[in-house]
Visitor: 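Before anything else, here's the structure in question.
Residue numbers begin at 1 in each chain, while the letters A, B, ... track the order of the sequences.
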2 protein chains.
Amino acid sequence: MPVAEVRTPQRAPGAIRRRDAEATRAAILDAARDQFGRLGYDCTALRDVAAAAGADVALIKRYFGGKEALFTEALKVSFRSDFLSDWDLRSFARDFATAMAGGPHEDAERTHSFQFLLRAATSPSTAPLLNAAIQERFLEPIRHWLGDADAPGRARALAAAAIGFLVERLIRGEALVGAERDAFIEHATAMFERLLGP
Amino acid sequence: MPVAEVRTPQRAPGAIRRRDAEATRAAILDAARDQFGRLGYDCTALRDVAAAAGADVALIKRYFGGKEALFTEALKVSFRSDFLSDWDLRSFARDFATAMAGGPHEDAERTHSFQFLLRAATSPSTAPLLNAAIQERFLEPIRHWLGDADAPGRARALAAAAIGFLVERLIRGEALVGAERDAFIEHATAMFERLLGP
DNA sequence: GCCTTAAGTCAACAGGCATTGACATGAGGC
DNA sequence: GCCTCATGTCAATGCCTGTTGACTTAAGGC
């Protein structure tokens with residue numbers, strides 16, 4: 001499914017260099033993040049990524065090694081490593097629940113990042129890659145966060161629940177309002193508190 | 001990504017007919033449901049489906065018309081079986097948590113249709129299906145299930161959590177074992193109970 | 001037992017994909 | 001101004017895909 005999209009190569013502003021490896025690499029990575037996020041791993045063609053970045057396919061091999069390596073790199077960028085450090089453990093439950101309900105002060109960048117991850121998750125070829133990423137950037141921090149003896153299993157449960165809320169938010173599209181929003185936040189908060197509590 | 005899987009053609013028991021159009025068609029449809037569910041639309045190769053059904057690729061064209069038509073047919077079948085009616089409200093929390101942990105007694109068939117839908121819906125070509133599927137297959141039944149005044153918001157929270165566990169199971173691939181499994185089940189159970197309780 | 005026809009088999013086609021190595025070209029050091 | 005090497009271009013390769021038409025084979029009525 002092509003959905004090709006012409007995009008001018010993003011060069012460093014001001015300095016107009018017709019040959020700039022760093023800028024080309026960045027443009028490719030940017031286009032890759034975009035297309036992997038919108039189309040998923042399997043439906044993304046390297047030719048289209050290169051075209052969108054205003055570069056040639058062969059440069060992808062040169063700068064990244066191959067499709068899988070490019071995806072891994074894009075995944076690394078999209079997976080905000082500070083995802084968890086943004087939250088305060090004591091108020092995590094309500095903060096997260098409120099964020100997932102949606103509203104005026106929403107973090108669109110985070111949503112986009114997650115869309116990328118969801119697409120990655122549902123593609124069999126990238127599921128192992130994502131699994132590794134979740135291990136490293138999600139489960140490990142949570143385990144460290146919890147610090148219990150049963151942290152591994154508990155971290156997994158917490159991660160699963162969090163993923164679900166992110167997915168649901170993504171699917172839902174619009175923010176919740178009124179009584180449904182209130183009930184959603186209350187129950188989600190209570191649920192996460194139960195998961196985090198003793 | 002192939003992951004081919006030999007499967008003896010499922011013929012009608014008793015009557016051994018070497019040539020049975022109906023049985024062949026059913027075997028193909030069955031294999032298609034399996035592979036579309038596990039691999040998604042794009043990663044499923046018709047040759048593999050045919051091989052798994054013990055049939056030839058050309059028969060897919062004859063009996064279904066093409067890949068898309070086969071997918072539509074498989075989707076129709078997977079839609080019919082109801083995901084939630086299988087569960088007992090009183091033991092849902094532990095049953096679901098255990099199922100999501102995975103293991104020897106795992107009822108793969110029960111989560112199958114959801115995986116099918118999730119994969120189908122996150123494939124760019126069939127994306128619009130997702131919202132409708134969630135609405136119809138999760139939110140409505142859960143609302144009816146709960147029956148409370150705050151059912152809508154609560155149902156959404158429950159659906160989100162359940163989706164998360166299904167997705168996490170999907171990403172994880174393998175079943176949990178040992179202490180991690182136990183902790184996972186315990187905390188997940190407690191979490192769902194909190195979400196279902198008063 | 002033949003004969004028609006449904007059921008199954010086979011090989012080839014056309015298109016798309018990632019990958020790759022050989023080639024061209026521009027930029028900056030000297 | 002030249003020379004070198006990083007940077008960019010091009011075309012070909014091999015593999016896999018869905019599709020398709022012509023072929024072979026078995027079943028069941030007569």
Visitor: Can any side-chain N or O of Arg154(A) pair as donor or acceptor with the backbone N or O of Leu146(A) at less than 3.5 Å?
Guide: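 The answer is no, because no donor-acceptor pair under 3.5 Å joins these two groups.
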
Visitor: My understanding is that only residues two or more places apart in sequence, or in another chain, count here; which of them pass side-chain hydrogen bond (donor to acceptor under 3.5 Å, both in side chains) with Arg181(A)?
Guide: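 Counting only residues at least two positions away or on another chain, Arg181(A) forms no side-chain hydrogen bond (donor to acceptor under 3.5 Å, both in side chains).
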
Visitor: For the residue pair Leu139(A) and Leu158(A), establish whether any side-chain heavy-atom pair is separated by less than 4.5 Å.
Guide: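 No, side chains not in contact.
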
Visitor: Rounded to the nearest Å, what distance is computed from the CG atom of residue Leu70(A) to the P atom of nucleotide dC17(C)?
Guide: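 It works out to 15 Å between those atoms.
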
Visitor: Any pair with a residue in residues 147-174 of chain B that passes ring-ring contact (aromatic ring centres under 6.0 Å, His included), sequence neighbours left out, goes on the list, sorted by first then second residue, please.
Guide: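 Found Phe165(B)-Phe184(B), Phe165(B)-Phe192(B).
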
Visitor: Figure out the OH/P separation between Tyr63(A) and dG8(D), and round it to whole Å.
Guide: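 From Tyr63(A) OH to dG8(D) P: 4 Å.
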
Visitor: With salt bridge (charged side-chain N to carboxylate O under 4.0 Å, His left out) as the rule and sequence neighbours excluded, what pairs involving residues 185-198 of chain B come up?
Guide: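 Every salt bridge (charged side-chain N to carboxylate O under 4.0 Å, His left out) pair that includes a residue of residues 185-198 of chain B, provided the two are not neighbours, is Arg94(B)-Glu186(B).
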
Visitor: Rounded to whole angstrom units, what separation is found between the CD atom of Glu22(B) and the C1' atom of dA6(C)?
Guide: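 Rounded to the whole Å, the gap is 14 Å.
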
Visitor: For Thr24(A) and dG8(D), is the shortest distance between a side-chain N/O and OP1 or OP2 below 4.0 Å?
Guide: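 Yes.
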
Visitor: Using five pairs at each end of the helix from dG1(C)-dC30(D) to dC30(C)-dG1(D) to define an axis, what is the angle between those two axes, to 10°?
Guide: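 Roughly 10° between the end axes, to the nearest 10°.
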
Visitor: Would you tabulate the side-chain donor-acceptor contacts of residues 56-70 of chain B under 3.5 Å, counting partners in other chains and residues two or more places apart, or write 'none'?
Guide:
| residue | atom | partner | partner atom | Å |
| --- | --- | --- | --- | --- |
| Asp56(B) | OD2 | Ala58(B) | N | 2.9 |
| Lys67(B) | NZ | Tyr41(B) | O | 3.1 |
| Lys67(B) | NZ | Thr44(B) | O | 2.9 |

Visitor: Measure from the side-chain N and O atoms of His187(B) to the backbone N and O of Ala183(B), and report whether any donor-acceptor pair falls under 3.5 Å.
Guide: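 Confirmed, His187(B) side chain pairs with Ala183(B) backbone.
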
Visitor: Distance check needed: dT17(D) P versus Gln35(B) CD, whole Å only.
Guide: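 So the two atoms are 11 Å apart, to the nearest Å.
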
Visitor: Count I, L, V, M, F, W, Y as connected when their side-chain heavy atoms are under 4.5 Å apart, and connections chain through other members. Are Val49(A) and Val77(A) then in the same cluster?
Guide: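 Yes, Val49(A) and Val77(A) fall within the same hydrophobic cluster.
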
Visitor: Taking only nitrogen or oxygen atoms into account, show me every contact under 3.5 Å that the protein makes with nucleotides 19-23 of chain C, one pair per line with its distance.
Guide:
| residue | atom | partner | partner atom | Å |
| --- | --- | --- | --- | --- |
| dT19(C) | OP2 | Lys67(A) | N | 3.0 |
| dT20(C) | OP2 | Lys61(A) | NZ | 3.1 |

Visitor: Within this structure, what is the CG-to-P distance between Leu59(B) and dG21(D), rounded to whole angstrom?
Guide: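 After rounding, the gap between these two atoms is 15 Å.
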
